[in-house]
2 protein chains.
Amino acid sequence: MGLTKTEIFTEEQNRLAVMLKAMAHPARIAILQQIIKANACICGDLVEELGLAQATISQHLKELKTAGIIQGTIEGVSVCYCINPTVWKELQQQLSGFFSTYELKTNCC
Amino acid sequence: MGLTKTEIFTEEQNRLAVMLKAMAHPARIAILQQIIKANACICGDLVEELGLAQATISQHLKELKTAGIIQGTIEGVSVCYCINPTVWKELQQQLSGFFSTYELKTNCC
DNA sequence: CTAATACATCGTAATATTGCGATACATAAT
DNA sequence: ATTATGTATCGCAATATTACGATGTATTAG
């Protein structure tokens with residue numbers, strides 16, 4: 001085996017899993033933090049900021065982009081990446097829904 | 001290669017990545033939803049709820065437990081799992097911090 | 001046109017994840 | 001002690017991830 005049984009789960013569960021998976025790596029967390037911090041979209045600056053090879057950064061950016069979390073537009077020679085506001089809000093809402101369901105309950109064991 | 005360069009990143013980034021990774025699977029999202037929904041801790045009920053083998057569920061539970069998100073206590077023959085309130089709050093705060101930093105900014109590209 | 005710059009993609013090696021059957025283990029009932 | 005029940009762990013096969021050097025591609029500068 002070795003492949004996730006997506007057909008067993010709901011669209012929502014699969015979608016949330018994909019987005020969380022995209023974020024579930026320290027390098028990609030660092031990338032997102034940089035993008036948010038710099039506000040203006042950064043690009044190859046990331047290669048210098050983080051201690052990873054250019055190919056590796058590019059691959060991480062691709063994964064974030066595939067998940068829809070970031071978007072990139074060509075800006076001359078370089079590429080400008082920034083948060084996709086729509087998806088970001090979607091993720092935020094999914095997660096806050098998740099956490100709010102728990103808050104109401106008391107915990108056992 | 002093939003292993004994450006944790007030493008490059010901060011404790012916080014690595015910790016958040018570990019927790020998100022634990023959640024980044026539809027089966028584990030479904031498990032967490034069930035645990036929260038049932039409030040009272042469930043156990044092997046999950047095997048029937050989700051369409052996965054007992055060994056697989058047990059493995060997913062272990063991963064959530066290793067990340068600290070859930071905790072299990074032996075209750076007779078069965079095991080009672082529930083959310084770890086401390087870690088859950090920690091994760092919630094880390095994430096809300098993440099999202100709040102973005103809200104303040106305007107988006108480009 | 002040519003060179004330089006900034007990224008993307010390919011190919012590859014090392015390692016991790018996913019899922020499950022088989023089996024071990026621990027507690028409860030008989 | 002024996003059996004039944006509920007979980008955990010082992011071992012395996014299939015696949016995915018991570019990282020990077022090498023190379024391809026597109027835009028700008030000269």
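Reminder, nothing fancy here: chain letters follow the sequence lines and each chain counts from 1. This is a predicted model, so every value here is computed, not measured.
When the C1' atom of D/dT9 is taken as reference, atom CD1 of B/I57 falls 16 Å away, rounded to whole Å. If you measure from atom CD1 of A/I31 to atom C1' of D/dT18, you get 13 Å, rounded to the nearest angstrom. Taking atom CD of residue B/E48 and atom C1' of nucleotide D/dG6, one finds them 12 Å apart after rounding to whole Å. Rounded to a whole Å, the NE2 atom of B/H25 is 17 Å from the P atom of C/dA16. Residue A/L50 contributes atom CG, which lies 13 Å from atom P of C/dC7 at whole-angstrom precision. If you measure from atom CG of B/L61 to atom C1' of D/dG6, you get 13 Å, rounded to the nearest angstrom. Here the P atom of nucleotide C/dA6 and the CG atom of A/L46 are 14 Å apart, to the nearest Å. As a whole-Å value, the separation of B/I70 CD1 from D/dT7 C1' is 13 Å.
Comparing D/dG11, C/dA22, C/dT9 by their nearest atom to the side chain of B/Q59 picks out D/dG11. When distances are taken from the side chain of A/S58 to each of D/dA8, C/dC7, D/dT18, the shortest belongs to C/dC7. Relative to the side chain of A/K62, the nucleotides D/dT7, C/dT18, C/dT9 differ in distance, and C/dT9 lies closest.
A side-chain contact (heavy atoms from CB on, under 4.5 Å) with A/I31 holds for exactly one of A/L50, A/I69, A/L52; it is A/L50.
Here B/S78 lies in heavy-atom contact (under 4.0 Å) with sugar-phosphate atoms only. At a threshold of 4.0 angstrom between heavy atoms, the contacts of B/K21 are confined to the sugar-phosphate backbone, with no base atom among them. Residue contacts shown for B/Q54 include a base, since a base heavy atom lies under 4.0 Å away. Counting any heavy atom pair closer than 4.0 Å across all strands shown, B/A55 reaches a base atom. At a threshold of 4.0 angstrom between heavy atoms, the contacts of B/L52 are confined to the sugar-phosphate backbone, with no base atom among them.
Side-chain atoms of A/R28 come within 3.5 Å of backbone atoms of A/K21 as a donor-acceptor pair (strictly under, hydrogens ignored). The closest donor-acceptor contact from the side chain of A/Q93 to the backbone of A/E90 lies at 3.5 Å or more, if one exists at all. With B/T101 contributing its side chain and B/G97 its backbone, the two residues share a donor-acceptor pair below 3.5 Å.
Close to C/dG19, at under 4.0 Å from its OP1 or OP2, lies a side-chain N or O of B/H60. Taking side-chain N and O atoms only, B/Y81 has no distance below 4.0 Å to OP1 or OP2 of D/dG6.
The shortest non-hydrogen separation linking A/I36 to A/W88 is CD1-CZ2, 3.8 Å. When all heavy atoms of B/E63 and B/A22 are compared, the closest pair comes out as O-CB, 4.2 Å.
Ranked by how close their nearest DNA chain D nucleotide is to the 5' end, B/D45 and A/R28 are led by B/D45. Nearer to the 5' terminus of DNA chain C, by closest-nucleotide assignment, is the contact made by A/T56 (compared with the other of A/T56 and B/T56).
Ring-plane geometry between B/H25 and A/F9 is classed as perpendicular, the angle between the planes exceeding 60 degrees on a 0 to 90 degree scale with a lower cut at 30.
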*For each nucleotide in nucleotides 25-30 of chain C, reading 5' to 3', give B when a protein heavy atom comes within less than 4.0 Å of its base, S when such contact involves only the sugar-phosphate, and - otherwise.*
--SS--
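Side-chain contact between A/E12 and A/R15: absent, with no pair of heavy atoms (C-beta onward) separated by less than 4.5 Å.
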